[in-house]
Amino acid sequence: IDVRRQLASRYEEVGRYDDALSCYHDLIKMSPSNDMNYMDCSANIARIYRSQVRVEEALELLQKVRKKYPVELASVAYSERKAELDGAAS
C-alpha cells in the first residue's frame with residue numbers, strides 16, 4: 001500500500017492526474033476497512049478534482065466521506081477542503 005501511495009503522489013506531482021486518481025481509487029479498494037486510508041485517499045482525490053476545476057465532484061466526494069465517517073477528524077478534513085473549494089468556486 002505504501003508503494004502505491006508513493007506512486008500516486010508522484011503521478012500527482014508530475015501532472016499525471018488520471019494515473020494518480022486510479023492509484024488512489026485502487027488504494028481504497030485494496031483496504032476498504034481502513035478508515036484513515038479511505039479519508040486520506042478521498043481528500044487527495046478531491047484535491048485533484050479541484051485542480052481540474054471539478055469542484056462539484058470534489059464537494060460530492062467530501063460530503064460522502066463526512067456522511068460515512070461523522071467523526072471529528074472527518075469533519076475537520078471536510079471543513080478544510082470545503083473552504084479551499086469554496087474559495088476556488090468564487
Side-chain angles (χ1 to χ4, degrees):
I1 288 179
D2 289 335
V3 172
R4 184 63 115 179
R5 186 178 305 283
Q6 290 173 357
L7 181 61
S9 179
R10 184 68 183 133
Y11 280 147
E12 192 175 348
E13 288 173 12
V14 299
R16 291 177 59 181
Y17 299 115
D18 289 337
D19 292 326
L21 287 170
S22 179
C23 284
Y24 287 128
H25 285 291
D26 288 347
L27 281 163
I28 291 171
K29 290 177 189 170
M30 290 168 61
S31 187
S33 62
N34 183 330
D35 297 344
M36 290 302 296
N37 178 64
Y38 183 90
M39 288 187 282
D40 183 54
C41 288
S42 294
N44 291 331
I45 291 167
R47 184 181 58 246
I48 292 171
Y49 284 165
R50 178 181 176 262
S51 75
Q52 295 177 327
V53 194
R54 296 165 62 180
V55 176
E56 289 301 318
E57 289 173 89
L59 286 172
E60 286 175 19
L61 176 61
L62 292 172
Q63 288 168 350
K64 180 180 172 183
V65 171
R66 188 171 186 202
K67 286 180 184 176
K68 186 172 183 174
Y69 300 102
V71 295
E72 183 73 354
L73 183 59
S75 294
V76 169
Y78 171 84
S79 297
E80 291 173 352
R81 297 292 186 222
K82 186 169 184 328
E84 290 176 11
L85 294 169
D86 286 345
S90 303

Nearest heavy-atom pair of [X] and [Y]: which atoms, and what distance?
{"X": "Glu12", "Y": "Tyr17", "result": "O-CE2, 3.6 Å"}
{"X": "Ala58", "Y": "Ala46", "result": "CB-O, 3.6 Å"}
{"X": "Ala20", "Y": "Ala8", "result": "CB-O, 3.5 Å"}
{"X": "Leu27", "Y": "Cys41", "result": "CB-SG, 3.7 Å"}
{"X": "Ser42", "Y": "Leu61", "result": "O-CD2, 3.3 Å"}

Under 3.5 Å side-chain donor-acceptor pair for Arg5 and Asn44 =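 Judged by distance alone, the side chains do not pair up.
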Met36 with Met30, same ILVMFWY side-chain cluster at under 4.5 Å = yes
Atom pair [atom1] ([X]) and [atom2] ([Y]), whose distance is rounded to the nearest 0.5 Å:
{"X": "Cys23", "Y": "Arg10", "atom1": "SG", "atom2": "CZ", "answer": "13.0 Å"}
{"X": "Lys67", "Y": "Gln63", "atom1": "NZ", "atom2": "CD", "answer": "6.5 Å"}
{"X": "Asp2", "Y": "Gln6", "atom1": "CG", "atom2": "CD", "answer": "6.5 Å"}

Side-chain contact, heavy-atom cut-off 4.5 Å: Tyr49 with Ile45?
-> yes
Quick one: are Leu21 and Tyr11 in side-chain contact, heavy atoms under 4.5 Å?
->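 Leu21 vs Tyr11: side chains apart.
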